[in-house]
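Worksheet for the structure shown next.
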Amino acid sequence: MEIFLQQIVNGLVQGSVYALVALGYTMVYGILGLINFAHGEVVMIGAMLALSSLTAMLGWGVPPLLAVLLSMVLAMLGCMVLGYSIERIAYRPLRHAPRLAPLITAIGVSIVLQNLAMMIWGREYHSFPQLIANNTHTVGGAIINDIQIIIFILALAIMAGLMVVVHRTRLGRAMRAVAEDQHAAQLMGVDINRVISITFMLGSAMAAIAGVMVSANYGLAHYYMGFLLGLKAFTAAVLGGIGNLRGAMLGGLLLGLIESLGAGYIGDITGGFLGSNYQDVFAFFVLITVLVFRPSGLLGERIAERA
Amino acid sequence: MRNAPKNLTLWLLFAVLLLLPFITDALLGRGWVRIVDFAMLYIMLALGLNIVVGYAGLLDLGYIAFFAVGAYCYALAGSPHLAQAFPIAFPDGVHLSFWIVLPMAALLAGFFGVLLGAPTLRLRGDYLAIVTLGFGEIIRIFLNNLNAPINLTNGPQGISRIDPVSVANVSLNFTQKIFGIELPSVHLYFYLFLAFTALVVFVSQRLEKSRIGRAWMAIREDEIAASAMGINTRNLRLLAFAMGAMFGGASGALFAGFQGFISPESFSLMESIMVLCMVVLGGMGNIAGVILGGILLAILPEVLRHSVVPMQQALFGKVLVDPESLRMLLFGTALIVMMLYRPAGLLPSRVRRRELDTDEAVERV
Amino acid sequence: MTGTGALLQFTSIGKQFGGLSALSDVSLHIQRGEIYGLIGPNGAGKTTLFNVLTGLYQPSVGEFRFNGTRYQAGKPHVLAQAGIARTFQNIRLFANLTALENVMIGRHVRTRAGVFGALLRNRVTRNEEQAIAERARELLHYVGIDKPAQTLAKHLSYGEQRRLEIARALATDPLLLALDEPAAGMNATETESLKTLLQIIRSSGITVLLIEHDVKLIMGLCDRVAVLDYGRKIAEGVPERVRNDPAVIAAYLGGEDE
Ligand SMILES: Nc1ncnc2c1ncn2[C@@H]1O[C@H](COP(=O)(O)OP(=O)(O)OP(=O)(O)O)[C@@H](O)[C@H]1O
Ligand SMILES: [Mg+2]
């Protein structure tokens, strides 16, 4: 029972990070119908930017809390610029190209960013400075620390904020209009390019925060961290129903839970045959099973093909 | 009359291909034939994936899994490795002839293709992409971990001492003298791969211009309309997966025999992505394009590998940045630039080409 | 052709989408060799009926009988095999394939070559391929497409695309040709030649089921007409009678919002 609770806690924390990243995938997909393969690398760049600026500021004697906030803002700004540029350079020229063309440029961007990061920050793991006394608490037998609590609450707050933006503001209305029907939205006077750019910047800002969260949680940052994280988050987005914001959140949290419960119990389930190194198999297996029964994901619109 | 020049080019091409290992040896130095050999493996893979993605329009991001299935099939059936898991049954491991394992590898991979295709029949587009990706990862993770409780795959260390391929009892792993010409191992494998590549090209071509090929393309264009026209979309999708997978499995067995060693590292997601890039960049659905894409993307990283260090030395007088990451950085940039300039691929299929022409014509009016 | 009497018989077919009844309790029968019209206001359920008939939708209740076989929930390719061919209201051609290839694909269901045939390309396969191409050219000519056969489907004009869909459907050697608003978007001359084409098709022995909003076309062409409104059949009979049916007039006056 304690293990169970512990895995739930871990799963929710990890899942909330997945959800933030998954939102980035799903927003872009909803509007452009495009898998932004490079999104995972934006997460990594966010973490690395935060790390560098944090180290620098601490060196200059900036008070820790201020340094954290400033470096977070810096990472977000940096990633927004990055997201904006990616769209301008690699996707916009291909908006009317065959469907797989932007997928290839996305892969190219991903390779470039990864190797750029390796040149700048090297191949080694960087330890992320620990700035707050990370107290642990015991809740019903499960252990949770301050950083995890902050991650979870911050993630929920950001998601709530995003929902408000999308459903309550003019910008959100424009975004939904473009997602629904680009042509019609344009006729109604929506500046499509602006909406798309803003969507990329929003998604990238969230990715930056997610990157900082992951690094803070594990105390590590690495040029390769974005790849698997991005893959998982994309899986989460599809699980929930890609293009659907609530789906991305649900998918992210679910995937986090599935993984952590799977890792905790897979040995018991299979009688010791499979160990926790099969954690990823578990995640993909659930994904495939869900899609077999719900081909458009959990909350995805059932596109009952109109003939 | 029109055929004469065409035949002549074909013969010329044939002659150049036969001499290619010697030409590369002379012009580029030793070591390059090996790279060309790998390029041909990639071409076979890319042509196999082209059936699934290019013809049937099913986006497969886990294609390398079939390559892995074929490779492990031969690695297990042609190496001492199984002695570890079953010392009593196979004290020396299993050493079946490559030519017996090859069809088995293809069939097994084809079976895996159906295994992947069956549950995903209702999935479209990007949903299919992520499921195939997951499938590829699942296979890789199993390969990485099936060294316990019984040691089937030897985990991350991989399987080594795989038997070389022999043709008519002549092992391709040693230099052989044929008609008085010394042919080192890489040359021998070159001719073997050349023959297989030719076979794969032939099969692709025949399939493309057939009732089956048309049905695949109908599914790619509009699955609903295809089914309403009487095409059994379920069977044809499965067939596409199976055919593509069989190409992959056969290439995998060749790969295992050629390298003599395989490990899960060779079957990562990045490899699947690489093969997909070859297909799309070269020109989806067009055999010549896919071949070009395969050659370019297999050779380009090697060219870069050999040029980044001298390039830096010439520019800055010393090596400033890690050559490996610089190489990949340039590679990624090349992918982006090529795609931006040729969105339909370097050699678009005949249809796409016409489409581009006409679109331009329409714009001019 | 086997048997006499009705080629197609719908018995109490119903189709629900969530709470919406797109079809309720629809029964009708179509005789061999007739041109049967299906009309009704927008959203009446005409296309839904086609989708049930061609196996794209499973009916919620009811069944239908085609050429002597009962179907509760058909599969599209099985029904095509059985002899039902259709066109689509919003044209669904294989856009990036040539006109010829589109029609050749229609021959799929009446031909046999498989993977081995493709690889060996033996005499049987070669002959079959040749016959497919020949028949496809004939059909292009038959429906009156005189652009080069190698033109991509998406580069044909609107009227030609509608005709190409008909040619593709005819290539399956259907007993029943179901056309969903074939005249939509056509001008008067094009509609007139479509009318002639449909008459020729009928005289070749193919039964035609026709959804159309163009009242003149329906009246001039159909032997019998059924009217759907909100998923129900509200009238059936010869065109003259149906036109003057008070229920029909009410449906059109009440339902028309264009
Ligand atoms: N796949 C679907 N999912 C949900 N509702 C559907 C679906 N297909 C059709 N409908 C609904 O069923 C009703 C009947 O639609 P249908 O397309 O059959 O009408 P129709 O008679 O062909 O109209 P029109 O003349 O405009 O083509 C409509 O209210 C439509 O919205
Ligand atoms: Mg309709």
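Convention: sequence-line order gives letters A, B, ...; per-chain numbering from 1.
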Output the distance between atom [atom1] ([X]) and atom [atom2] ([Y]), rounded to the nearest 0.5 Å.
X	Y	atom1	atom2	result
F285(A)	I138(B)	CZ	CD1	7.5 Å
I273(B)	F37(A)	CD1	CZ	4.0 Å
I104(A)	I336(B)	CD1	CD1	11.5 Å

With chain A, which of [options] has the greatest number of heavy-atom pairs at distances under 4.5 Å?
options	answer
L269(B), N144(B), L281(B), D222(B)	L269(B)
E137(B), M338(B), M339(B)	M339(B)
S325(B), P343(B), G345(B)	S325(B)
L335(B), L326(B), N145(B), V53(B)	N145(B)

Check: I130(B) and I242(A) side chains under 4.5 Å, non-hydrogen atoms: no

Going by residue number, which parts of residues 286-293 of chain A are within reach of chain B, meaning a heavy-atom gap below 4.5 Å? L287(A), I288(A), L291(A), V292(A), F293(A)

Is [X] in contact with chain A via its backbone, its side chain, both, or neither, using a 4.5 Å heavy-atom distance?
X	result
V337(B)	neither
I139(B)	neither
L61(B)	side chain

Should we count [atom1] of [X] as having more than 12 external heavy atoms under 6.0 Å?
X	atom1	answer
Q157(B)	CD	yes
R246(A)	CZ	no
E180(A)	CD	no

Residue Y223(A) versus chain B: region with a heavy atom under 4.5 Å: neither

Most heavy-atom pairs under 4.5 angstrom with chain B, which of I35(A), L103(A), L113(A)?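 Among I35(A), L103(A), L113(A), the one with the most close pairs to chain B is I35(A).
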
Heavy-atom pairs under 4.5 Å with chain B are the metric here; pick the option from H96(A), M118(A), Q114(A) that has the most. M118(A)

Nearest non-hydrogen partners of L100(A) and V280(B), listed with the distance: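 Smallest interatomic distance, heavy atoms only, reads CD1-CG2, 3.9 Å.
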
